[in-house]
Amino acid sequence: MSKITLNQVTNYLMFLTLSLFTAVCLYFFSVLLISRLQGDDPSPMIPWTTLHVGFVLLIIPMVGKKIFNKVVEVKEDVEIPRSAAVFVGMLRGLLFGGALLVLGGAAMFCISPERLLAGDVSSVAWGILIVTGSAGLFFPPQVVARRTRLWLLLTLVCQFVMISTMRQMLGLYPLKFEYSVESADLSKMPLLDKSIVSKLLPPGAREIKLTGRRGSNGEVRLHCRVQPEDIETFIQINKYILPENRGAEFSFGNNKDIVFVYNSETSLLQAIYRAAGLPANLLRK
């Protein structure tokens, strides 16, 4: 029985990574192409998703065969100097670390996708890459295929583009949330889009309740208690539009994607934020 070497494992891992990356690119290409062809009124009789997948299944064997021949079945093995071997070892460690991130990210997306948006995920990911890359330095290969370094670099680029794309696509995925906290603690609200925190949560807010949906058409509803002086500061910082005559209860906002209603007697602040823009009935004329 033939023994599988570490180089063979690395080659197959490169082949799988490049094939997966190619399949994803082909899928998005087919989505854009077919979407352009079908226009604004797609036929309900045609299973478009099946057509996208079918396009990938037809093309990927031809592309995959070429990748397999160049990555797995390369026969020009050469002995490399110590410095180059250490470099290749580090790249190979990063390859295994990136594979762990792709597999772990896919598993977490299926189990608990909101955890991928937590702040400590990036730290854990960098930790895995540092550990695996450093481990690769201690196991430099003696003999490798002539083109190994080139294919490793290409694979790593594709791998990290895949990881970045997965995270960006997660931001488009509609995830519902509901948080009730005493004060603004972002670590307890991982699904709240950090880009809107400064214009949604005033300083000194207490008894915060946030409900909404994160995604390309995200929406957030806010209920909290805020002192009048903090509201004034909040309005000035964000340059929100105020009514000409303010009573005990008044509304303000940016007349675009966020509107607030504040009652100075009860210190209750309510707000609604919509990423796609406020409905017409909430806009000032």
Side-chain angles (χ1 to χ4, degrees), residues 101-129 163-241 249-264 266-279 282-283:
L101 292 182
V102 171
L103 293 175
M108 193 175 292
F109 182 82
C110 296
I111 298 171
S112 180
E114 66 275 5
R115 294 182 62 185
L116 287 171
L117 296 167
D120 57 349
V121 170
S122 296
S123 301
V124 173
W126 279 112
I128 290 174
L129 293 177
I163 294 170
S164 175
T165 303
M166 287 167 59
R167 189 173 176 87
Q168 290 173 1
M169 288 183 64
L170 183 64
L172 302 176
Y173 189 79
L175 297 171
K176 293 183 179 180
F177 60 85
E178 182 174 347
Y179 300 122
S180 292
V181 294
E182 179 58 32
S183 60
D185 185 352
L186 297 183
S187 64
K188 296 179 180 178
M189 302 180 287
L191 289 181
L192 180 63
D193 191 343
K194 305 301 184 292
S195 63
I196 67 168
V197 170
S198 61
K199 66 178 184 178
L200 180 65
L201 286 174
R206 293 289 183 271
E207 300 177 27
I208 301 170
K209 182 177 181 181
L210 288 163
T211 58
R213 180 183 67 252
R214 180 179 178 129
S216 56
N217 293 318
E219 177 179 313
V220 182
R221 294 179 182 271
L222 167 71
H223 293 260
C224 67
R225 303 278 180 182
V226 190
Q227 294 302 314
E229 56 271 21
D230 291 327
I231 283 292
E232 295 296 333
T233 303
F234 181 58
I235 292 173
Q236 292 175 10
I237 291 174
N238 290 282
K239 299 179 181 179
Y240 284 133
I241 301 171
E249 184 173 281
F250 59 92
S251 64
F252 62 93
N254 59 7
N255 206 33
K256 180 183 176 183
D257 56 14
I258 192 167
V259 64
F260 297 86
V261 176
Y262 181 66
N263 190 312
S264 57
T266 61
S267 300
L268 177 64
L269 178 69
Q270 301 178 71
I272 179 172
Y273 164 83
R274 287 187 176 177
L278 294 172
L282 293 180
L283 295 175

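For clarity, every value in this text was computed on a predicted model and none was experimentally measured. When reading the values below, keep in mind they use all heavy atoms of this one structure, side chains included, and skip hydrogens, waters and symmetry mates.
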Enquirer: side-chain contact (heavy atoms from CB on, under 4.5 Å), that's the test. Do Ser251 and Tyr262 meet it? Break it down for me.
Expert: CA-CA 6 Å; Ser251 64; Tyr262 181 66; over 6 Å; no
Enquirer: Please find the pair of heavy atoms, one from Ala271 and one from Leu200, that lie closest to each other, and give the distance.
Expert: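 Reported closest heavy-atom pair: CB-CD1, 4.3 Å.
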Enquirer: What's the shortest heavy-atom distance between Pro190 and Tyr179, and which atoms?
Expert: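 Closest heavy-atom pair between Pro190 and Tyr179: CD-OH, 3.4 Å.
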Enquirer: Parallel, tilted or perpendicular for Phe250 and Phe252, by the 30°/60° rule?
Expert: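 Aromatic pair Phe250/Phe252 classed tilted.
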Enquirer: side-chain contact (heavy atoms from CB on, under 4.5 Å) between Arg206 and Cys224: does it pass, once the steps are laid out?
Expert: CA-CA 6 Å; Arg206 293 289 183 271; Cys224 67; over 6 Å; no
Enquirer: What's the shortest heavy-atom distance between Leu201 and Ala184, and which atoms?
Expert: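 For Leu201 versus Ala184, the nearest heavy atoms are CD1-CB, 4.0 Å.
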Enquirer: Taking side chain as C-beta onward, heavy atoms only, is Ile235 less than 4.5 Å from Phe260?
Expert: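 Not touching, per the 4.5 Å side-chain cut-off.
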Enquirer: So do Val197 and Met189 actually touch side chain to side chain, heavy atoms under 4.5 Å?
Expert: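 With C-beta onward as the side chain, the pair stays apart.
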Enquirer: Verify, without hydrogens or angle tests, whether Asp193 (side chain) and Ser195 (backbone) share a donor-acceptor contact under 3.5 angstrom.
Expert: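 Such a contact is found between Asp193 side chain and Ser195 backbone.
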Enquirer: Are Arg221 and Glu219 ion-paired here, with the side-chain N under 4.0 Å from a carboxylate O?
Expert: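 Between Glu219 and Arg221 there is a salt bridge, with a charged N closer than 4.0 Å to a carboxylate O.
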Enquirer: Where do Phe234 and Asp230 land on the side-chain contact (heavy atoms from CB on, under 4.5 Å) test, with the steps shown first?
Expert: CA-CA 6 Å; Phe234 181 58; Asp230 291 327; over 6 Å; no
Enquirer: Step by step, work out the side-chain contact (heavy atoms from CB on, under 4.5 Å) result for Arg225 and Leu268.
Expert: CA-CA 5 Å; Arg225 303 278 180 182; Leu268 177 64; 3.9 Å; yes
Enquirer: Quick check: does any side chain N or O of Tyr240 sit under 3.5 Å from a backbone N or O of Lys199, one acting as donor and the other as acceptor?
Expert: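 Yes.
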Enquirer: If I compare all heavy atoms of Arg214 with all of Leu191, which pair ends up nearest, and what's the gap?
Expert: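 The pair with the smallest heavy-atom distance is CD-O, 3.2 Å.
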Enquirer: Check this for me: Lys194, atom NZ, are more than 12 non-hydrogen atoms of other residues, nucleotides or ligands nearer than 6.0 Å?
Expert: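 Buried by this count: over 12 neighbours within 6.0 Å.
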Enquirer: What is the minimum heavy-atom distance between Pro202 and Val226, and which atoms define it?
Expert: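 Between these two residues, the closest heavy atoms are CG-CG2, 3.6 Å.
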Enquirer: Look up atom CD1 in Ile196 and atom CG in Leu222, then write down how far apart they are to the nearest 0.5 Å.
Expert: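 Ile196 CD1 to Leu222 CG: 9.5 Å, rounded to 0.5 Å.
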Enquirer: Measure the shortest side-chain to side-chain distance between Leu278 and Ile258 over non-hydrogen atoms and say whether it is less than 4.5 angstrom.
Expert: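 Heavy-atom side-chain distance check fails, nothing below 4.5 Å.
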Enquirer: Could you grab the distance from atom NE2 of His223 to atom OG of Ser180, nearest 0.5 Å is fine?
Expert: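 One finds 10.0 Å between NE2 of His223 and OG of Ser180.
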Enquirer: Say you draw a straight line from CG of Leu210 to CG of Leu192; how long is it, rounded to the nearest 0.5 Å?
Expert: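 The distance works out to 6.0 Å.
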Enquirer: Measuring from Leu101:CG to Met108:CE, what's the distance to the nearest 0.5 Å?
Expert: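 Reported to 0.5 Å precision, the distance equals 10.0 Å.
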